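Please read the structure below before turning to the comments.
Just so you know, these numbers use all the heavy atoms, side chains as well, and skip hydrogens, waters and symmetry mates. Just so we're on the same page: letters track the sequence lines, and every chain starts at 1. From a predicted model like this one, the values you see are computed outputs, not experimental measurements.
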Amino acid sequence: MPTLTITPPSDYLLARDACSYGYFLLAPNHWRVETGRFETAMLLPGGAVAVRVMQVLKGGGRAKPGAALRVWTSRAMDAQDRARCRARLVRSLRLDEPSSVIAAFHVLDPRWKPTGRGRLMRSGTLFEDMVRTVTSCNVAWPNTVNMNRQLCRHYGLSACDVRQAGAWPEGFDHPFPAASRVARLRPGNLRGRCRVGYRDVRLVELARLVVRGAVNEAWLADPATSEDDVRLALLELPGIGPYAAANIMQLLGRYGQIPLDSESVRHGRTVLGMTGSSAQIMKRVDKHFAPFGAHKFRSYWFELWQFYEAKRGPSWTWDRQRTGASFTAAKL
DNA sequence: GGTAGACCTGGACGC
DNA sequence: GCGTCCAGGTCTACC
């Protein structure tokens, strides 16, 4: 079977670090609870490929931080596709974030040092992260799950992809659609098939901007680019408001802002004991986490995550079909 | 600059 | 089974 090996940072634990943000529950991502393996799919220049990642186990059947990642792929790949596949996984699993950054976070907020929490998984591409963010706005989580599933199902594989990939492996979702595919869609078709509602025009416009090269990931992620400039640039994009911009910023590796939403208000009220209107609580939550500076979002997020895990158990035990799809703030 | 209302979907609820 | 209400963030019009 075609395989790759990736050496992760010395603190990296696949189960903990892949299951660290809701996107690990969205198609085509699939954490296999029973085997402790992360599955996904991606479109590469040479065609679609299904991917399964496992961490090499040490004695006792437990993974050791920093142990190698073995990557199975559904087809043999040339050097270019192997490099792209590796780069997608590095981005998605945040393997490009040095252990020293996580250690610095633990110095600032020692609460997470015992568990080692610090990394947040994301998507293989910025376009995916943007679409997922837009599909998470103004809906309950099960709707987000459904929109992403339908996007992969209807637009993940073209006939050409199927020919190139051969028989698509059973049990794997189709890849997330490329921006070039979404850019060619009629908004009405996208709405009808994927149940994205009024987001249809915004998603197609966003894809067209990405295809035209109007979204410069290198510039957005560059530490030399100011937070304000990044935020303003993101707010210019269709479907991206204050919440989405802040969320995309953390997905870009900028953790200094909190995407404030109804979940922030719930957390402020139920966990932090805050009172007042939603707008007042959002401001107070923001202020509460201000001391964590450049790691503000990490401190906020892992507090939320800890709350979820207290209710539902460790995130790597969440089954995508049951726990993952039923997850709504209102039911917590 | 601040605010009200429309935009869609799917779940909850009442009948 | 049907109709109504509600939650959710963004966008536009209006003050």
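- As a whole-Å value, the separation of A:Asn247 CG from C:dT10 C1' is 14 Å.
- For the pair A:Ser136 and C:dG8, the criterion of a side-chain N or O lying under 4.0 Å from OP1 or OP2 is not met.
- Looking at A:Asn138 and A:Tyr198, their side chains do bring a donor and an acceptor atom within 3.5 Å of each other.
- With rounding to whole Å, A:Leu237 atom CG is found 14 Å from C:dC11 atom C1'.
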Could you write nucleotides 5-10 of chain B as a row of B, S and -, 5' to 3', where a protein heavy atom under 4.0 Å of any base atom gives B, of only sugar-phosphate atoms gives S, and otherwise -?
--BSBS

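- In this model, a donor atom of one side chain and an acceptor atom of the other lie less than 3.5 Å apart for A:Ser123 and A:Arg132.
- In this pair, A:Tyr308 and A:Trp305 present their aromatic rings perpendicular. The plane angle is above 60°, beyond the 30 to 60° band.
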Using nucleotides 12-15 of chain C, report all nitrogen or oxygen pairs with the protein that are shorter than 3.5 Å.
none

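- A heavy-atom distance below 4.5 Å is found between the side chains of A:Leu209 and A:Pro238.
- With sequence neighbours left out, A:Phe127 forms a ring-ring contact (aromatic ring centres under 6.0 Å, His included) with no residue at all.
- No side-chain donor from either of A:Trp219 and A:Asp222 sits under 3.5 Å from a side-chain acceptor of the other.
- Ring pair A:Tyr255/A:His295 is parallel by interplanar angle, where below 30° counts as parallel and above 60° as perpendicular.
- Between the CG atom of A:Leu234 and the P atom of C:dG9 there is a distance of 18 Å, given to the nearest Å.
- As a whole-Å value, the separation of A:Ile240 CD1 from C:dG8 C1' is 16 Å.
- For the pair A:Arg117 and A:Phe302, the cation-pi criterion (under 6.0 Å, within 45° of the ring axis) is not fulfilled.
- Taking atom CD1 of A:Ile258 as the reference point, atom C1' of C:dG9 lies 17 Å away to the nearest angstrom.
- Considering only side-chain N and O atoms, A:Ser262 lies under 4.0 angstrom from the phosphate OP1 or OP2 of C:dG8.
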